Amino acid sequence: MSPTTPTTPTSPATPAALGARSATPEPLTLRRVHLGAGGPLSDVRIESGQVRAVFPAGEAPRADGRSLDLDGRTLLPGMWDSHVHMVQWAGLRRRLDVSGAGSAREAADAAGGRAATLPPGEPMIGHGFRDGLWPDAPHKDLLDALVPDRPVMLISMDLHCAWLNSAGLALVDRGDHPTGLLREDECIQAVAKLPTASAELTDQWVQEASVAAAARGITGIVDFEYADNIADWTRRMNGAAVPLRVAASIWPQHLEAAIGSGFRTGQTLDAPGGLLEVGPFKLLTDGSLNTRTALCHEAYPGAMPGEPGSHGLEMLPPQELVSLLRRASSHGIEPAIHAIGDRANEMTLDAFEAVRCHGRIEHGQLLAPKDIPRFAELGVTVSVQPTHAVDDRDVADRHWAGRTHRAYAFADLLAAGAVLALGSDAPVATLDPWLTLASAVTRTGDERPPWHPEQRIPVADALAGSSRGQRLIRVGDRADLVVTDADPLTADTRTLREMPVYATLLAGAWTHGPS
């Protein structure tokens, strides 16, 4: 979401402009800026991509380079989104949005209408449906009746299921599927078989999305795209000036190659500006809430006792999870384990305890009370997506009834000493750190009262979780910074959500705003 009332007209840097910038930006003095949320009015000197000196406002000496009076704005550490699927996010606006559909029939009607406008033979791809609350069930016959002559695939908001017509099933070699609703591994494999844009075009889309992210104050992302992310980002960064730092995750099929290359999580790779680093090793232990495949201790409502899948899906047996964690961590590659249901989180924490390695749990949406202290005890970071708590509240109330007091338990995790890393899970939610932060702080995204307000967290903690734990700006820090027109500590809810970003700096170079 763009700011509604910026005080100074600014625009995102274009890829061409970024490419023209020097690898070593000129020295810069930022004058009369609040040093951090609620911080003192200061002058900040930036040289060679680092914060070199901080002075009380008005006391910075004259020096080489540029001087910019920021008129009392707020200077914050650069924002990170700790969980993004970047290619999918970049391509999202080119797909049909069916997130507003209240039934399978309504989504199918929308697909039929869009299909009629497309060139012959082009697949109709849509995204965003949530069938967890629909009164009717998605089925290929419903799509076939409206679009019999071209492939159709609708991908759910949580990316864990896909709904296809018969032509779409044939396109992804699943022509014998009885319903056309593919979940979990079937969904991932089907999406991977879709005809894709060229690498050149995809990289252009990613570049555009990266520039837009910088305009919202983002200086870095952790990319969990289902791909060879290290190779893809190396190509992108050598082809164009990317305005972000990127931690490129490793999926299981690329683990041995990464080990063979000597990669270690956090290692800076050979890319322009040192912007690319080795990210974590991604594994899935269960599914999602919307698809009722998140692995839980209690059965889902309406499930028959003993029915397969009644408690969700176990995507990875515990012994295999332990083996993979041990293999990766012994070579310096830290794991990031997708776990949503309480049983999946317990199993994943057990694996971390057995291996005794550091790492992350991605999502951690439903937790047993006994497991909440274990994150801090085991040194496991919780990578959470606060907007999911806002978007999923109705689905959770239905399918996790009686358990939602321990769902998205951000405040309880903080109180137990856990480290939170905040992100969007784009394209599941918008890649905008201020929407993420506002969801964590308010626990609502509309006019309804906060959902489980006891799990709201303070703005200062949400800011730290959105900046890789960095709470202060200190001399010697990398000059990855964002300048905002409002102080997040005193901003009202609307301003926090729509935060006007005046400028963004990456290693001391403007990626948004003054140039």
Side-chain angles (χ1 to χ4, degrees), residues 83-92 95-99 101 104 107-108 111 123-134 137-144 147 151-196 223-227 229 249 251-253 282-295 300 308-309 311-316 337-341 344 362-363 365 385 388 391-392 395 399 425-429:
H83 193 119
V84 176
H85 304 268
M86 198 59 173
V87 170
Q88 294 184 67
W89 169 246
L92 187 69
R95 294 177 172 177
L96 172 67
D97 183 358
V98 292
S99 59
M124 205 304 299
I125 311 298
H127 75 94
F129 76 84
R130 295 176 180 272
D131 63 324
L133 296 174
W134 281 356
H139 196 282
K140 63 182 180 182
D141 292 347
L142 192 55
L143 292 173
D144 286 346
V147 191
V152 173
M153 176 185 282
L154 303 179
I155 302 169
S156 66
M157 178 64 79
D158 58 17
L159 310 181
H160 282 256
C161 68
W163 175 21
L164 296 85
N165 67 351
S166 295
L169 291 167
L171 182 66
V172 299
D173 301 323
R174 294 306 308 270
D176 59 346
H177 196 276
T179 68
L181 191 66
L182 310 182
R183 299 187 185 276
E184 306 306 338
D185 280 345
E186 286 185 329
C187 169
I188 291 173
Q189 292 165 15
V191 171
K193 289 182 178 180
L194 282 175
T196 57
D223 189 10
F224 286 106
E225 189 65 40
Y226 188 69
N229 289 306
S249 69
W251 285 81
Q253 63 269 35
K282 180 68 182 293
L283 291 169
L284 301 171
T285 63
D286 69 342
S288 72
L289 167 60
N290 179 69
T291 56
R292 281 81 72 204
T293 51
L295 187 63
Y300 285 91
H311 291 70
L313 294 180
E314 181 184 281
M315 305 286 289
L316 198 62
I337 314 301
H338 167 113
I340 287 183
E362 303 298 318
H363 310 304
Q365 289 181 3
Q385 298 74 45
H388 293 356
D391 292 341
D392 291 349
V395 180
H399 297 295
D425 201 10
V428 181

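When reading the values below, keep in mind they use all heavy atoms of this one structure, side chains included, and skip hydrogens, waters and symmetry mates. All of these numbers come straight from a predicted model, not from anything done at the bench.
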Over all heavy atoms of both residues, which pair between G287 and M315 is shortest? Give the atoms and the distance, please. N-CG, 4.3 Å

Applying side-chain contact (heavy atoms from CB on, under 4.5 Å), can you list everything that pairs with Y226, at least two apart in sequence or on another chain? I188, W251, Q253

State which residues pass ring pair (Phe, Tyr, Trp, His ring centres under 6.0 Å) with H85; sequence neighbours excluded, sorted by chain then number. H83

State, yes or no, whether a side-chain contact exists between H338 and F224 at a heavy-atom distance under 4.5 Å. no

Using the side-chain contact (heavy atoms from CB on, under 4.5 Å) rule, pick out the option among D131, L313, V395 that qualifies with R292. D131

Nearest non-hydrogen partners of M153 and A162, listed with the distance: CG-CB, 4.1 Å

So, for A107 and W134, which heavy atoms are closest and what is the spacing to 0.1 Å? CB-CH2, 3.8 Å

If only atom types and distance count, is the side chain of K140 paired as donor or acceptor with the main-chain N or O of H177 below 3.5 Å? yes

Nearest 0.5 Å, please: how far is CG in L181 from OG1 in T291? 9.0 Å

If you round to the nearest 0.5 Å, how far is CH2 of W89 from CG of D223? 13.5 Å

Value for CG (L284) from CG (L295), rounded to nearest 0.5 Å, stands at 12.5 Å

Contacts of P123 that satisfy side-chain contact (heavy atoms from CB on, under 4.5 Å) - sequence neighbours left out: I125, P151, L171, P195

Could you pull out all residues at least two apart from R174 that satisfy salt bridge (charged side-chain N to carboxylate O under 4.0 Å, His left out)? E186

Kindly indicate whether the side chain of P138, heavy atoms from C-beta on, has any atom under 4.5 Å from the side chain of T179. no

Residues passing the ring pair (Phe, Tyr, Trp, His ring centres under 6.0 Å) test with H388, sequence neighbours excluded, are none

Can you measure from NE2 (H363) to OG1 (T285) and round to the nearest 0.5 angstrom? 9.5 Å

Among residues at least two apart in sequence or on other chains, which ones pass side-chain hydrogen bond (donor to acceptor under 3.5 Å, both in side chains) with E225? Q88

Taking every heavy atom of G132 against every heavy atom of H399, the minimum-distance pair comes out as O-NE2, 3.1 Å

Which atom of L164 lies closest to which atom of V172, heavy atoms considered: CD2-CG2, 3.9 Å

S99: what forms a side-chain hydrogen bond (donor to acceptor under 3.5 Å, both in side chains) with it, not counting sequence neighbours? D97

To the nearest 0.5 Å, what is the distance between CD on E362 and CG on D425? 8.5 Å

In chain order, what residues pass the salt bridge (charged side-chain N to carboxylate O under 4.0 Å, His left out) check against D141, with sequence neighbours excluded? none

Here the gap from L289 atom CG to D391 atom CG, rounded to the nearest 0.5 Å, amounts to 11.5 Å

Using modelled atom types only, decide if a donor and an acceptor are shared between the side chain of D286 and the backbone of G341 within a distance under 3.5 Å. yes

D392: what forms a salt bridge (charged side-chain N to carboxylate O under 4.0 Å, His left out) with it, not counting sequence neighbours? R130

Mind jotting down which residue pairs meet the side-chain hydrogen bond (donor to acceptor under 3.5 Å, both in side chains) criterion with at least one end in residues 155-165? Sequence neighbours excluded, please. S156-D158, D158-S288, H160-E184

For L143 and A111, work out which heavy atoms get closest and say how close. CD2-CB, 4.3 Å

Sorted by chain and residue number, the salt bridge (charged side-chain N to carboxylate O under 4.0 Å, His left out) partners of D144 (sequence neighbours excluded) come out as none

